[in-house]
Amino acid sequence: MAYLNLKNCSLHLPVYGAGNRSLKQMVLSAATGGRIASNSRHVTVVQALRDISLNISAGDRVGLVGHNGAGKTTLLRMLAGIYEPTIGSFESSGRVTSLLDVTLGLDYEATGYENILIRGLILGASKSEMKRLTPTIAEFSELGDYLSMPVRTYSSGMVLRLAFSIVTSVQADVLLMDEWLSVGDAAFVAKAEERMKSYVGGASIMVLASHNPKIINDLCNVRVTLEHGVITDVQRSSPQLSAESAAA
């Protein structure tokens, strides 16, 4: 059973060499929703998250809302395992897929086909599973013979097509998203939207950070409001297990 449990989690991020000069303090304060503390002449500590407690169970669709710098992306990174809590405990179960950066893990010197295998293994799929999925991924990406060429020869749009096709082919138990993902040109984006709806619907848990209130209202049954790295409000409604009503 998939779940995400955070208990009294805080995250302190050291910034080395920032010093105590007032101008740098002002810049750091403007760039982060967390709180700033200096514990030496050379280390500034950003208190990015403070005392976060949240229990997310199978069937939950969680929407993270708040101003820029409120801590939404930082919390997603903690849920993805990129950051470990400085204080508190975090437990999770299930295959976690992060769409914070769909191109993460791509080897630009390797071919498209080689990257399908590499990225799939990073996502937790087996080699045999990725071999089985490769024809479907290749067809969906519409990259044709380019899949036999190094990714460094691709345009930025082609790289996104490849990454999106791979990531959404390996079904996740827990799906983490920073804004609703839509990639490609006008011809590709329609089927990408349909793929995203199906992909989200198949996940046991979704956690989505977004500034779009319609997407949050349509998709999520749990609304978590963050402000300066602190959860200020949690609202729950009936679970929604699909993304059929996602905003275009």
Side-chain angles (χ1 to χ4, degrees), residues 13 64 72-84 92 94-212 215 243 246-248:
L13 299 176
L64 304 180
K72 302 185 299 297
T73 300
T74 304
L75 179 54
L76 285 172
R77 288 173 177 167
M78 181 177 287
L79 295 175
I82 298 171
Y83 294 145
E84 290 187 2
S92 67
R95 177 188 283 176
V96 178
T97 295
S98 167
L99 298 186
L100 305 185
D101 181 0
V102 294
T103 63
L104 183 67
L106 290 183
D107 182 347
Y108 281 68
E109 293 302 318
T111 67
Y113 281 119
E114 290 169 339
N115 271 288
I116 290 174
L117 176 59
I118 294 169
R119 189 69 174 92
L121 294 175
I122 291 174
L123 290 169
S126 65
K127 188 173 182 180
S128 60
E129 184 179 2
M130 291 315 300
K131 285 185 176 181
R132 176 177 58 82
L133 290 172
T134 292
T136 303
I137 295 171
E139 180 180 3
F140 187 86
S141 72
E142 299 179 357
L143 292 175
D145 292 339
Y146 277 100
L147 289 171
S148 299
M149 300 176 64
V151 170
R152 61 179 166 76
T153 64
Y154 293 12
S155 67
S156 58
M158 292 166 68
V159 171
L160 283 174
R161 278 195 185 201
L162 174 63
F164 179 85
S165 301
I166 298 169
V167 169
T168 56
S169 69
V170 180
Q171 188 59 58
D173 298 316
V174 178
L175 179 60
L176 308 175
M177 300 173 62
D178 197 352
E179 294 295 347
W180 183 257
L181 183 63
S182 183
V183 298
D185 53 29
F188 188 80
V189 79
K191 74 173 189 175
E193 283 286 339
E194 289 302 313
R195 170 71 76 94
M196 273 303 301
K197 291 176 183 179
S198 174
Y199 186 60
V200 170
S204 181
I205 291 172
M206 180 190 72
V207 184
L208 167 68
S210 179
H211 291 286
N212 187 325
I215 288 180

Result block: side-chain N/O donor-acceptor pairs under 3.5 angstrom for residues 118-127, not counting sequence neighbours:
unit_1 : atom_1 : unit_2 : atom_2 : d
Arg119 : NE     : Leu104 : O      : 2.7
Ser126 : OG     : Ser128 : OG     : 3.2
Ser126 : OG     : Glu129 : N      : 3.1

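From Leu79, atom CG reaches atom CG of Leu175 across 12.0 Å, with rounding to the nearest 0.5 Å. The distance from the CG atom of Leu64 to the OG1 atom of Thr74 is 11.0 Å, given to the nearest 0.5 Å. Rounding to the nearest 0.5 Å gives a distance of 11.0 Å between OH of Tyr154 and OH of Tyr108. Summarising the geometry, atom CG belonging to Leu143 is positioned 11.0 Å from atom CE belonging to Met149; distances are rounded to the nearest 0.5 Å. Considering CD of Glu139 and OG of Ser165, their distance stands at 10.5 Å, rounded to 0.5 Å. Glu109 contributes atom CD, which lies 10.5 Å from atom CD of Glu114 (distance to the nearest 0.5 angstrom).
Under the 4.5 Å side-chain criterion, counting only non-hydrogen atoms from C-beta, Ile215 is in contact with Leu208. Looking at heavy atoms from C-beta onward, Leu133 lies in side-chain contact with Val170 at the 4.5 angstrom threshold. Contact of the Val151 side chain with the Asp107 side chain is not registered, since no non-hydrogen atoms from C-beta on lie closer than 4.5 Å. Proximity of Leu147 to Leu162: side-chain heavy atoms (C-beta onward) are separated by under 4.5 Å at one or more points. Taking 4.5 Å as the limit, some side-chain heavy atom of Tyr199 sits within range of a side-chain heavy atom of Thr97.
Of all heavy-atom pairs spanning Lys72 and Ala209, the tightest one is CB-CB, 3.9 Å. For Tyr113 against Ser148, the heavy-atom pair with the smallest separation is CE1-OG, 3.6 Å. Smallest separation of non-hydrogen atoms from Asn115 and Gly105: OD1-O, 4.3 Å. Residue Ser210 comes nearest to Glu179 through the heavy atom pair OG-OE1, 3.0 Å, listed as atom of the first residue, atom of the second, then distance.
Under a 3.5 Å cut-off, the side chain of Ser198 and the backbone N or O of Arg195 do not form any donor-acceptor pair. No donor-acceptor pair closer than 3.5 Å links the side chain of Glu84 to the backbone N or O of Met78.
Other residues, nucleotides and ligands contribute over 12 non-hydrogen atoms within 6.0 Å of the CG atom of Asp101. With a 6.0 Å radius and a threshold of 12 heavy atoms from other residues, nucleotides or ligands, Glu142 has its CD atom above the threshold.
Checked for salt-bridge contact, Glu194 and Lys191 miss the test: no charged N lies under 4.0 Å from a carboxylate O.
Each of Asp178, Leu75, Leu176 was evaluated against Val207; a single residue qualifies, Leu176, per the side-chain contact (heavy atoms from CB on, under 4.5 Å) test.
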